[in-house]
Amino acid sequence: MSKMHSNHPFHLVNYSPWPLTGALSTLTLMAGLIYWFYNFSLILCSLGLTITLLTMYQWWRDISRESTYQGYHTYKVTLSLRWGMILFIVSEIFFFIAFFWAFFHNNLTPSILIGSNWPPTAIHPFNPFQIPLLNTIILLTSGITVTWAHMSILENNFTQTTFSLTLTVILGIYFTLLQAYEYMEASFTIADSIYGTSFFLATGFHGFHVIVGTTFLLICLLRHLKNSFSSNHHFGLEAAAWYWHFVDVVWLFLYTVMYWWSS
């Protein structure tokens with residue numbers, strides 16, 4: 001439906017191809033991943049990833065235009081976006097609760113199939129005071145810098161917002177690189193008993209959320225450099241900060257349970 005003059009504050013969106021291309025590209029990406037696992041070919045996976053990234057860029061571009069230049073994100077719309085983000089984060093919390101539930105179920109009552117021990121026999125957990133502790137410090141620091149960015153935009157301080165957001169993105173990338181290095185140096189795999197499965201699923205999905213959050217913050221940085229945010233109109237940055245704090249809190253639980261407890 002085209003945008004017309006109306007007597008209500010709600011946004012009736014125009015027809016958009018991006019939900020369709022997003023669904024098809026995600027299907028292609030998942031099929032490509034399965035094909036890669038079995039046939040060691042990245043052609044289909046690369047195609048799905050490319051279309052997904054192009055869809056993300058163009059969809060994000062359209063939403064930024066609606067918010068910044070077309071004035072469609074009124075107070076009522078922004079309020080709905082806030083509740084949507086809150087409910088999304090709540091759903092993500094329950095997503096991770098499932099992993100912790102599985103971990104504690106096997107941790108507190110280890111099966112005889114894994115030697116009635118936790119960690120299972122022949123599993124050598126990571127030292128929690130090496131890379132995991134460094135990653136904890138990195139994420140906690142990034143939580144401070146993203147809060148600094150939010151406070152700076154509230155004061156219309158362009159320079160400090162740019163610096164703190166850039167620092168947060170760098171810390172997010174650094175965390176991801178360290179976790180990738182940790183995975184390469186691991187003495188066990190996702191196929192090594194329930195311990196390996198629980199560990200790599202929980203920390204791997206968290207790592208994926210870090211990548212998503214870093215991308216979210218990078219988009220906010222680019223929008224900020226284009227003067228898309230102001231002290232009273234910056235929900236995109238605020239939502240990114242909420243998401244990043246959620247990622248921080250989940251990591252604290254992961255570090256305590258998956259690394260320190262299991263060691």
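We use all heavy atoms of the structure for the numbers below, so side chains are in, but hydrogens, waters and symmetry mates are not.
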Rounded to the nearest 0.5 angstrom, the NE2-OG1 distance for His234 and Thr78 is 10.5 Å
OH of Tyr35 to OG1 of Thr28: how many Å apart, nearest 0.5 Å? 14.0 Å
Counting distance only, does the side-chain N/O of [X] pair as donor-acceptor with the main-chain N or O of [Y] below 3.5 Å?
X      : Y      : result
Tyr183 : Gly204 : yes
Ser25  : Gly22  : yes
Tyr255 : Pro128 : yes
Ser164 : Thr161 : yes
Thr197 : Ile190 : yes
Ser46  : Leu42  : yes
Gln58  : Leu54  : yes
Asp192 : Thr189 : yes
His233 : Phe229 : no

Heavy atoms of other groups near [X] [atom1], more than 12 under 6.0 Å:
X      : atom1 : answer
Leu53  : CG    : yes
Phe208 : CZ    : no
Trp18  : CH2   : yes
Met30  : CE    : no
Phe100 : CZ    : yes

Can the ring centres of Phe88 and Trp242 be said to be less than 6.0 Å apart? no
Tell me if the centroids of the rings in Phe216 and Trp244 come within less than 6.0 Å of each other. no
Kindly assign one of parallel, tilted or perpendicular to the pair [X] and [Y], based on the angle between their ring planes and the thresholds 30° and 60°.
X      : Y      : answer
His206 : Trp251 : tilted
Phe199 : Phe188 : perpendicular
Phe99  : Phe205 : parallel

Going only through I, L, V, M, F, W and Y residues with side-chain contacts under 4.5 Å, is there a path from [X] to [Y]?
X      : Y      : result
Val250 : Ile93  : yes
Tyr181 : Ile138 : yes
Leu222 : Val169 : no
Leu177 : Val210 : yes

Under 3.5 Å, is there a donor on one side chain and an acceptor on the other for Thr147 and His245? yes
Do Tyr174 and Ser142 get their side chains close enough for a donor-acceptor pair, meaning under 3.5 Å? no
Restricting to non-hydrogen atoms, name the atom on His209 and the atom on Phe95 that form the minimum distance, rounded to 0.1 Å. CE1-CE2, 4.3 Å
Please name the pair of heavy atoms, one in Met258 and one in Ser198, separated by the smallest distance, quoted to 0.1 Å. CE-O, 4.0 Å
Mind checking whether Ile153 and Ser231 have side chains closer than 4.5 Å, heavy atoms only? no
Please say which of Phe96, Phe200, Trp118, Phe253 ends up in a ring pair (Phe, Tyr, Trp, His ring centres under 6.0 Å) with Phe103. Trp118
